[in-house]
Amino acid sequence: MVEEITVKRSLPVNLKPEDNFLFEHARTATFFVLPTTILEKAVIFQDTAFSLKDLKFYTEYTHVHELGLLPKLKRTITCALKRWRKIPDGIWIKDEWSANYFHWMTDCLPRIWKAKEFGASDRIILHDSFKHLAYVRESLDLLGIIPCYFSSSENLWVDKLVLTPRTANFPNFNEPLTRLTRTKFGVKPTRNPFQKVYISRKLAEKRKAHNELDVELLMLKHGFEIVYAEKLPLKKQIELMAETRILISLHGAALTNMIFMQEGQHVIELRNQGDSKNQCFFNLASAMGLNYYYTLNHADSPDTIISDFTIDVAELESLMLSLEK
């Protein structure tokens, strides 16, 4: 049975009246979640699941965007010549967006918790390419999960396949399952959060700050630790976030780490001025019970995803000072 979920969100703590249009439409969202489906005698063809019993592709569970008839036929013909491997059971948790830190943490992991509601094993099925993603290896190691990898040269025959749905449509979150990720990683700080952290994108390929030096000097002035997430193993990132009281960063994957912060702490997103589209971190902060703040900054383009920014340092410092009171 399809589940209907409605979430209601509080507006940013520091919302200015003239910025209300950026967030108003994101205050409430309704989305639908497919039921978890268990297939007997299923086949994994490349990146999707096929039921021999139903003679049906279950692409609504394996893809964000539905596959048409021709892609399905192509997979069937191509895969018919590959070798076969049989496994007793497995869980499907991925789609075409999953090889991305944000989507792995907020889409894939909650699907594991969903499968566990049905008594499924921990045998998640992943393509070999996921072996090369450090955050996948490290997160599964921390959770004690040994995945079943398969290569592009083989098909999998699965006696019992648990097909998990996406637990929310992007950019929304299934709040109980998203919060469960924090619990599953055993986030238990020994004292109240005290760290002030700025996650820099200086080493990233895109979405950098033109005035990064000014931003970093500001952070040092106010006692913030400057972190380059790509240099830290996942375990260290989790431990740091569990102790973090204030997190600041540009719109980017590192902000995903707010899922390891304790409820009631503070997140400041450095946003693109005029961008009312990219709400994933505003929504995530709400799902995790965090206080969300923002500053608006000049970007090279209206498209936040590909732009570099000039951070409004004066506005940011004013906001930082307000949180120190």
> Can a donor-acceptor pair be found between the side chains of Asn291 and His266 at a distance below 3.5 Å?
Replying inline: yes

>> Please check this pair: side chain of Glu96 against backbone of Val64, looking for a donor-acceptor N/O pair closer than 3.5 Å.
In response: yes

> Should Thr304 and Asp275 be marked as a side chain to side chain donor-acceptor pair (under 3.5 Å) after you check the CA-CA gap, both sets of side-chain angles, and the distance that decides it?
Replying inline: CA-CA 7 Å; Thr304 295; Asp275 181 4; 2.5 Å; yes

> Between Trp157 and Asn155, is any side-chain donor less than 3.5 angstrom from a side-chain acceptor?
Replying inline: no

>> Test of understanding: with side-chain hydrogen bond (donor to acceptor under 3.5 Å, both in side chains), list the residues that count as partners of Glu18, not counting sequence neighbours.
In response: none

> More than 12 heavy atoms of other residues, nucleotides or ligands under 6.0 Å from NZ of Lys235: is that the case?
Replying inline: no

> Just checking, any donor-acceptor pair under 3.5 angstrom between side chains of Arg9 and Gln279?
Replying inline: no

> In chain order, what residues pass the side-chain contact (heavy atoms from CB on, under 4.5 Å) check against Pro176, with sequence neighbours excluded?
Replying inline: Asn174

> Does the distance from a Lys or Arg side-chain N to an Asp or Glu carboxylate O, for Arg166 and Glu60, drop under 4.0 Å?
Replying inline: no

>> If only side-chain N and O atoms count, and only distance matters, is there a donor-acceptor pair under 3.5 Å linking Arg111 with Thr164?
In response: yes

> Relative to each other, are the rings of Trp97 and His65 parallel, tilted or perpendicular (30° and 60° limits)?
Replying inline: perpendicular

>> If we count only N and O atoms by modelled type, under 3.5 Å, do the side chains of Thr6 and Thr30 hold a donor and an acceptor together?
In response: yes

> For Lys184, what residues pass the side-chain hydrogen bond (donor to acceptor under 3.5 Å, both in side chains) criterion, not counting sequence neighbours?
Replying inline: none

> Within a radius of less than 6.0 Å around NZ of Lys277, do more than 12 heavy atoms belonging to other residues, nucleotides or ligands occur?
Replying inline: no

> Do Gln46 and His127 have side-chain N/O donor and acceptor atoms under 3.5 Å apart?
Replying inline: no

>> Exactly one of Phe23, Tyr294, Phe173 should register a ring pair (Phe, Tyr, Trp, His ring centres under 6.0 Å) with Phe282. Which one does?
In response: Phe23

> Taking the inter-plane angle between the rings of Phe45 and Trp84 on a 0 to 90° scale, is it parallel (under 30°), tilted (30 to 60°) or perpendicular (over 60°)?
Replying inline: perpendicular

> Distance only, no hydrogens: is a donor on one side chain within 3.5 Å (strictly under) of an acceptor on the other, for His25 and Ser276?
Replying inline: no

> Checking Arg182 against Phe185: charged group under 6.0 Å from the ring centre and within 45 degrees of the axis?
Replying inline: no

>> For the backbone of Leu22 and the side chain of Asp19, can you confirm whether one donor and one acceptor N or O come within less than 3.5 Å of each other?
In response: no

> With a 3.5 Å cut-off and no angle check, do the side chains of Asn297 and Thr295 form a donor-acceptor pair?
Replying inline: yes

> Is it true that a side-chain atom of Asn272 and a backbone atom of Ser301 form a donor plus acceptor pair closer than 3.5 Å?
Replying inline: yes

> Below 4.0 angstrom, N of the basic side chain to O of the carboxylate: do Asp47 and Arg75 qualify?
Replying inline: yes

> Under a 4.0 Å N-O cut-off, is there an ion pair linking Glu212 with Arg201?
Replying inline: no

> Does the side chain of Thr59 pick up a donor-acceptor pair with the side chain of Glu66 at under 3.5 Å?
Replying inline: yes

> Who are the side-chain hydrogen bond (donor to acceptor under 3.5 Å, both in side chains) partners of Asp128, not counting sequence neighbours?
Replying inline: none

> Got a donor-acceptor contact below 3.5 angstrom from the Asp54 side chain to the Lys56 backbone?
Replying inline: no

>> Could you tell me if Ser51 and Tyr58 have a donor-acceptor pair between their side chains, going purely by distance under 3.5 Å?
In response: no

> Would you call Glu154-Lys82 a salt bridge at under 4.0 Å N-O?
Replying inline: no

> Within the side chain of Lys208, is there an N or O that forms a donor-acceptor pair under 3.5 Å with the backbone of Ala204?
Replying inline: yes

> Is it the case that Glu269 and His251 place a side-chain donor and acceptor less than 3.5 Å from each other?
Replying inline: yes

>> Using a 3.5 Å distance criterion without hydrogens, assess whether the side chain of Asp308 forms a donor-acceptor pair with backbone atoms of Ala209.
In response: no

> Looking only at atom types and distance, does a side-chain atom of Arg245 sit under 3.5 Å from a main-chain N or O of Lys196, one as donor and one as acceptor?
Replying inline: no

> Between Thr181 and Trp113, is any side-chain donor less than 3.5 angstrom from a side-chain acceptor?
Replying inline: yes

>> On the six-membered ring of Phe118, is Lys116 placed so that its NZ or CZ lies under 6.0 angstrom from the centre and within 45° of the ring axis?
In response: no

> Does a side-chain N-to-carboxylate-O contact under 4.0 Å join Lys202 and Glu230?
Replying inline: no

> Counting only N and O atoms by type, is there a donor-acceptor contact under 3.5 Å from the side chain of Thr106 to the main-chain atoms of Phe102?
Replying inline: yes

> Which other residues end up in the same hydrophobic cluster as Met219, if Ile, Leu, Val, Met, Phe, Trp and Tyr are linked when side-chain heavy atoms come under 4.5 Å apart?
Replying inline: Val13, Tyr198, Leu203, Val215, Leu218, Leu220, Phe224, Ile226, Tyr228, Ile246, Ile248, Leu250, Ile268, Leu270, Tyr293, Phe309, Ile311, Val313, Leu316, Leu319, Met320, Leu323

> side chain to side chain donor-acceptor pair (under 3.5 Å) with Tyr61: which of Thr37, Asp95, Thr36, Thr48?
Replying inline: Thr37

> How would you list, by chain and number, every residue that makes a side-chain hydrogen bond (donor to acceptor under 3.5 Å, both in side chains) with Thr183, sequence neighbours excluded?
Replying inline: none

> Can a donor-acceptor pair be found between the side chains of Tyr135 and Asn100 at a distance below 3.5 Å?
Replying inline: no

> Should we count NZ of Lys160 as having more than 12 external heavy atoms under 6.0 Å?
Replying inline: no

